[in-house]
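Side-chain atoms are counted along with the backbone in the values below, which use heavy atoms only and exclude waters and symmetry mates.
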Amino acid sequence: MGKIEEFRRGWSLILAAATGVGLGITGLTFYTLGIFIGPLTQEFGWSRTSLASATILTTLTTLLLGPVVGRLADRFGGRTVGLVSLVGLAAGLGGLSLIGAELWSFYLAFGIAMVLGAGTLPIVWTRAVNAGFDKARGMALGLTLTGTGVVAILAPPYTQWLIADHGWRTAYLGQAALVLAIGLPVVWLLFHEVGGAKHAAAATTPTRPGLTATAARRSRQFWMLGVGFLFASFAVSALIVHLVSILSGGGMERASAVWAASLLGFAIIAGRLGIGVLVDRFYAPAVAFGILAIAGAACFLLMLAGAHLSLALAAVVLIGLAAGAEVDLVAYLASRYFGLRAYGEIYGWQLGFFALGAGLGPMGVGRLYDATGSYTVGLIACAVGFGVGATLIGLLGRYPERFED
């Protein structure tokens, strides 16, 4: 089956998967958390740091529940897991509208929403896309994960409009309604895995080529891939969180720094689509090496940027391209090196490595800044992270031929 035929048969699967991942915990809730910080601080007096720390709960959910979600998807099918979790996420968002004046109530409600919505992690959606596409797998994954980029552009103004006109409690209810009114019916109608439920339930049998999760964990590629993306995600997440401060601290006016940083969303979308095209045509570890090495160079551009807008914009674009490529590459490489037999559980572990790095990055670079009074050491640490990640992933070796679909 050629690429065009794969897209002709699978366009609806991609649309549903993109909707599911966009309205999930790595999309809707992540990209709108900052919109709620101001209103919650104003009403309850909580610090911005305390509220922003809720992202740790998303990281812990991914790290601890990712393999579990993957195992459930392998056993019962991604459609079942995704639908149940969308309903759970909507319930969790509704619960956030009921929090009281104690900070722990916010953490509890947010944590419950993450756990109930864990089945909306990319594991569930990319599993089905990997099974439905082979020749155009990279592009299909890129289109799927672009769902988070689209939500990152559209969800903040929607949320801000609800907060401004109706208050933050109604905004959480409005997000829950979005999940139920758009996410649930689109996934229900269009998200059908290759071969249907019977095929999905048979995912753990030898009818699908690939390694078991236990066998995968014994391979060097499993650990090289996981540790490589841990280092890379450390660097990307740190740069994204601290980007405005890095630029303004280097001498750029804050308004210009915010404008430059706003290009990240578009660069991330471009990275996801572009990396999909490239890995369908070229050896994916080499593509990963190139994109991560270039992102490492962006760290040195940021050191030189200062008030130079052109250097800052170049760095932002390179970082955004790397951020857009990372999750796609994890999904693609996991499917190529370990097959689809236990893809959900294996990718869950890999996503855990990725989430751990993403959680440590902003905190680590923040501590380096506090210790030195400058972002220079932090930028060097990010460059090293990209270098280690590029090297480990670039040395993965040839794909196992027996796993080719």
Side-chain angles (χ1 to χ4, degrees), residues 17-18 21 26 62 66 70 121-123 125-127 129-130 133-134 136-149 216 219-237 239-240 267-296 298 318-340 343-344 346-358 361 385-400 403:
V21 75
T26 58
T62 306
L121 285 167
I123 303 163
W125 318 110
T126 60
R127 177 183 178 278
V129 172
N130 273 316
F133 290 82
D134 179 34
R137 183 176 293 175
M139 188 61 178
L141 287 170
L143 289 168
T144 295
L145 294 168
T146 297
T148 57
S219 69
R220 69 175 182 85
Q221 285 89 354
F222 179 91
W223 296 103
M224 290 175 70
L225 186 63
V227 175
F229 277 112
L230 186 154
F231 274 91
S233 65
F234 174 99
V236 165
S237 63
L239 291 172
I240 289 175
I268 288 172
I269 292 176
R272 289 193 169 157
L273 296 178
I275 207 71
V277 173
L278 289 173
V279 297
D280 282 336
R281 288 166 172 75
F282 305 104
Y283 178 56
V287 173
F289 179 89
I291 194 70
L292 294 178
I294 291 172
L318 293 177
I319 293 166
L321 292 175
E326 280 187 321
V327 179
D328 302 48
L329 284 168
V330 176
Y332 185 88
L333 291 169
S335 72
R336 290 303 187 198
Y337 281 100
F338 310 119
L340 300 179
Y343 170 82
I346 294 169
Y347 181 48
W349 282 101
Q350 294 297 326
L351 201 60
F353 282 111
F354 184 90
L356 181 59
F386 282 127
V388 173
T391 301
L392 288 174
I393 296 164
L395 294 176
L396 283 171
R398 297 180 61 182
Y399 305 139
F403 297 159

side-chain hydrogen bond (donor to acceptor under 3.5 Å, both in side chains) filter on Thr126, not counting sequence neighbours, yields Tyr343
Rounded to the nearest 0.5 Å, how far does [atom2] of [Y] lie from [atom1] of [X]?
| X | Y | atom1 | atom2 | result |
| --- | --- | --- | --- | --- |
| Leu392 | Gln221 | CG | CD | 12.0 Å |
| Leu321 | Ile291 | CG | CD1 | 5.0 Å |
| Ile393 | Met224 | CD1 | CE | 9.0 Å |
| Leu273 | Leu278 | CG | CG | 11.0 Å |
| Leu329 | Leu292 | CG | CG | 7.0 Å |
| Gln350 | Phe338 | CD | CZ | 5.5 Å |

What are the two closest non-hydrogen atoms of [X] and [Y], and how far apart are they?
| X | Y | result |
| --- | --- | --- |
| Ser237 | Gly357 | OG-O, 3.8 Å |
| Pro122 | Val21 | CG-CG2, 3.9 Å |
| Ala322 | Val236 | CB-CG2, 4.4 Å |
| Asp328 | Gly142 | OD2-CA, 3.0 Å |
| Ile268 | Ala323 | CG1-CB, 3.9 Å |
| Ala358 | Ser233 | N-OG, 3.3 Å |

Between [X] and [Y], is there a donor-acceptor pair closer than 3.5 Å when you use the side chain of the first and the backbone of the second?
| X | Y | result |
| --- | --- | --- |
| Tyr332 | Met139 | no |
| Arg220 | Leu396 | yes |
| Arg272 | Leu145 | yes |
| Tyr399 | Ala284 | yes |

Is the closest side-chain heavy-atom distance between Thr144 and Phe133 below 4.5 Å?
no
State which residues pass salt bridge (Lys or Arg N to Asp or Glu O under 4.0 Å) with Arg281; sequence neighbours excluded, sorted by chain then number.
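With sequence neighbours excluded, Arg281 shows a salt bridge (Lys or Arg N to Asp or Glu O under 4.0 Å) to no residue whatsoever.
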Hey, is OH on Tyr283 packed in by over 12 heavy atoms from elsewhere, all under 6.0 Å?
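Enclosed.
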Across all chains, not counting sequence neighbours, the side chain to side chain contact (heavy atoms under 4.5 Å, CB included) partners of Ala298 are Ala315, Leu318, Ile319
Look at the aromatic rings of Trp223 and Phe353 and report parallel, tilted or perpendicular, splitting at 30° and 60°.
perpendicular
Centroid separation Tyr337 to Phe222 less than 6.0 Å
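Centroid distance Tyr337-Phe222: not below 6.0 Å, so no.
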